[in-house]
Every structure is written in C-alpha cells, then in structure tokens.
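Okay, structure first, notes after.
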Amino acid sequence: DPNEDTEWNDILRHFGILPLKEKPKDEAEEIHLQKEAEKSLEKMNLEELKEAEDDYDEADRKAIEMYRQQRLKEWYCLQRRQKYGELREICGEQYVKEVRNAPEDAWVIIHLYRSCIPMCLLVNERLSLLARKFPEVKFLKAVVNTCIPNYHDKCLPTILVYKTGEIKAQFIGVAECGGMYLKVEELEWKLAQVGAIETGLEENPRKDIVNMMTLSVQNTSARDDTNTKSSDVMKPCIS
C-alpha cells in the first residue's frame with residue numbers, strides 16, 4: 001500500500017518513485033482556515049458569491065448558498081425600507097387608493113395644505129426632509145380643496161396619520177403642527193410619539209424652548225414683583 005508508513009515506502013518516496021505523503025493538517029489550523037473562509041464569504045455580495053461557487057468544494061458551496069439566501073433577505077428588506085423616500089403630491093381622486101388602501105404594514109402621513117399659507121409651505125419643507133430620512137413611511141401632500149371642499153383656512157396646515165386605512169393621529173392648525181418656527185426635529189418627535197416613525201431622538205427637542213419660555217415668564221414675574229416693592233419703598237409717606 002503506497003499510503004502506508006513503512007521504511008520501504010519512505011525509500012521509494014525518497015527516490016521519487018512514490019509521491020511524497022501529505023502532512024496531516026493540524027486540527028486547529030483547519031478550524032482557523034475554515035473561519036477565515038467563512039469571514040471572506042460574509043463580506044461577499046450576491047454577485048461575488050455566485051462567482052465563488054466554482055472555487056469551493058461541496059461543503060463550502062452549502063455555506064455559500066446559506067450566505068446567498070441571507071444576502072437576498074437583506075436586499076429584500078432594504079428594498080422594502082426604501083420603498084418611498086419622497087413627499088409626493090396627490091389629488092382627491094387618488095386619496096382612497098394612496099391613503100386608505102395603502103399596504104397594511106405602511107404608515108401614511110398626508111399633509112392637506114394651501115400654497116398661499118406660509119405655515120403650509122414650511123410643513124411641506126419639513127416633511128420632504130423626513131420623507132428622505134424615513135423612506136419606509138409613505139409621505140403625501142394634497143391641496144386641501146381637492147380632498148375636502150370648503151375646508152376652513154384656520155384648520156391649516158392639517159397633518160393626518162394613517163395606518164391600515166384608519167386615522168391614528170391628526171394635527172390641525174398652526175399650533176398643533178408646531179408653530180411658525182417649527183424645526184424638522186420637532187415634527188419628527190411629534191410623528192414618533194404617535195408611532196408613525198422610529199426616531200433616534202431621546203427627548204422632545206422643543207423641551208428646551210418650553211423651559212426657556214417658562215424661565216422667561218418667571219424672570220418677568222420676579223422683575224415685576226421687585227419693581228412693585230421698589231415702588232412701594234419710593235412712595236412718599238402721606239400722613
């Protein structure tokens with residue numbers, strides 16, 4: 001048997017009659033090589049995994065198929081998350097299809113507006129930024145008259161939040177929508193509070209403004225109180 005470790009076979013190998021016997025790989029080395037191969041597979045995209053199939057044995061091909069399925073799943077998830085990504089204009093005729101009949105797993109945020117109202121233009125600008133930041137959410141806008149005839153201007157802007165064809169939240173009028181100095185982070189916080197988006201904000205960005213307003217009111221009251229006491233001291237004593 002040419003594979004046996006005998007003295008005669010060693011002589012034959014020495015003179016090149018038999019091929020040199022391969023040294024058995026150390027078990028730790030094999031594990032290390034396997035892990036390195038898995039690491040290289042983890043970094044490959046779908047195209048690279050397809051090209052690599054011919055370079056690996058049957059056992060490795062199973063690993064390649066596993067990673068290929070994983071990449072496909074990741075790709076489908078990414079495509080789903082990036083389904084929208086913009087603030088899109090619709091009209092009243094599209095309302096049922098785009099809003100009420102939207103996919104059940106999709107949040108829909110629609111802004112009813114008039115272009116002649118400055119606050120509406122500000123809200124459109126803020127929603128456009130949020131639409132790019134949260135592409136998995138469907139952001140829409142519609143001129144209010146195309147959806148609701150005779151809608152009163154004092155109720156604008158109006159932001160409606162839908163899920164599964166039902167209204168989950170609404171913000172009606174300038175104050176509820178955040179005021180004329182509305183920042184995009186403040187609107188993001190509002191929408192996150194009703195569950196429409198998943199924000200990374202840890203607290204209400206408007207909290208500092210509220211605290212400053214409260215402090216300002218307290219300081220004003222303190223000054224008025226001090227001025228009143230000072231006036232009392234300066235009053236002449238009439239007997």
Side-chain angles (χ1 to χ4, degrees), residues 79-217 220:
Q79 290 296 107
R80 184 180 172 187
R81 286 185 62 84
Q82 295 181 345
K83 190 173 183 179
Y84 305 109
E86 64 177 347
L87 176 63
R88 194 157 54 83
E89 180 97 30
I90 66 168
C91 64
E93 294 177 354
Q94 300 169 291
Y95 199 95
V96 172
K97 176 185 175 182
E98 297 288 346
V99 179
R100 295 189 180 276
N101 293 341
E104 291 189 358
D105 61 342
W107 283 90
V108 181
I109 297 167
I110 182 165
H111 174 215
L112 304 179
Y113 76 99
R114 288 191 211 279
S115 58
C116 61
I117 298 177
M119 180 64 186
C120 289
L121 299 180
L122 177 63
V123 170
N124 277 340
E125 181 184 325
R126 300 299 187 242
L127 288 175
S128 292
L129 295 173
L130 292 176
R132 291 196 288 272
K133 185 174 182 181
F134 301 97
E136 70 277 12
V137 177
K138 191 174 188 178
F139 286 86
L140 303 170
K141 62 179 179 178
V143 175
V144 66
N145 284 351
T146 68
C147 301
I148 310 174
N150 304 318
Y151 196 70
H152 205 289
D153 282 1
K154 70 179 182 180
C155 297
L156 297 176
T158 291
I159 300 173
L160 303 177
V161 181
Y162 280 82
K163 181 76 181 291
T164 61
E166 298 178 356
I167 293 179
K168 299 300 182 181
Q170 56 187 15
F171 305 97
I172 299 175
V174 173
E176 286 192 16
C177 287
M180 288 301 299
Y181 300 101
L182 175 69
K183 294 181 179 179
V184 66
E185 295 84 5
E186 295 167 4
L187 186 53
E188 178 180 335
W189 180 264
K190 281 179 174 290
L191 296 175
Q193 291 305 291
V194 299
I197 58 177
E198 296 181 7
T199 182
L201 299 173
E202 296 182 355
E203 61 179 13
N204 188 351
R206 201 171 180 83
K207 180 180 176 182
D208 294 336
I209 298 174
V210 173
N211 288 343
M212 288 175 65
M213 291 175 63
T214 303
L215 182 61
S216 177
V217 170
T220 301

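- Nearest heavy atoms, Ala142 versus Cys147: CB-SG, 3.7 Å.
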What side-chain donor-acceptor pairs closer than 3.5 Å can you find for residues 151-165, not counting sequence neighbours?
from, atom 1, to, atom 2, distance (Å)
Tyr151, OH, Thr158, OG1, 2.8
His152, ND1, Lys154, N, 3.1
Asp153, OD1, Arg114, NE, 2.4
Asp153, OD1, Arg114, NH2, 3.1
Thr158, OG1, Cys155, O, 2.5
Tyr162, OH, Tyr95, OH, 3.0

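- Taking each heavy atom of Ala102 and Val108 in turn, the nearest pair found is CB-CG2, 3.6 Å.
- The nearest pair of heavy atoms linking Ala196 to Val137 is O-CG2, 3.4 Å.
- Using a 4.5 Å heavy-atom threshold, the side chains of Tyr181 and Glu186 count as separate.
- Between Glu89 and Val143 the shortest side-chain heavy-atom distance falls below 4.5 Å.
- Smallest separation of non-hydrogen atoms from Glu188 and Phe134: OE2-CZ, 3.6 Å.
- The shortest distance between side-chain heavy atoms of Val144 and Tyr113 does not fall below 4.5 Å.
- Between Leu112 atom CG and Ile172 atom CD1 the span is 9.5 Å, to the nearest 0.5 Å.
- Across all their heavy atoms, Ser128 and Leu87 have their closest contact at OG-CD2, 3.5 Å.
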Give the C-alpha distance, both sets of side-chain angles, the deciding distance and a yes or no for side-chain contact (heavy atoms from CB on, under 4.5 Å) between Glu98 and Lys138.
-> CA-CA 9 Å; Glu98 297 288 346; Lys138 191 174 188 178; 2.8 Å; yes
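- Considering only heavy atoms from C-beta on, Lys168 stays 4.5 Å or farther from Val194 through its side chain.
- Scanning for side-chain contact (heavy atoms from CB on, under 4.5 Å) contacts around Glu86 gives Arg88, with sequence neighbours left out.
- The distance from atom CD1 of Ile197 to atom NZ of Lys133, rounded to the nearest 0.5 Å, is 7.5 Å.
- Distance CD/Glu185 to CG/Leu130: 9.0 Å, rounded to 0.5 Å.
- In this structure the side chain of Cys177 never reaches within 4.5 angstrom of the side chain of Lys190, judged on heavy atoms.
- Between Gln170 and Glu176 the shortest side-chain heavy-atom distance does not fall below 4.5 Å.
- Taken from CG in Leu187 to CG in Leu129, the straight-line distance is 10.0 Å, to the nearest 0.5 Å.
- Residues Pro118 and Cys116 approach most closely at CD-O, 3.5 Å, considering heavy atoms.
- Side-chain contact between Leu182 and Met119 is present, with at least one heavy-atom pair separated by less than 4.5 Å.
- With a 4.5 Å cut-off on side-chain heavy atoms, Leu191 and Phe171 count as touching.
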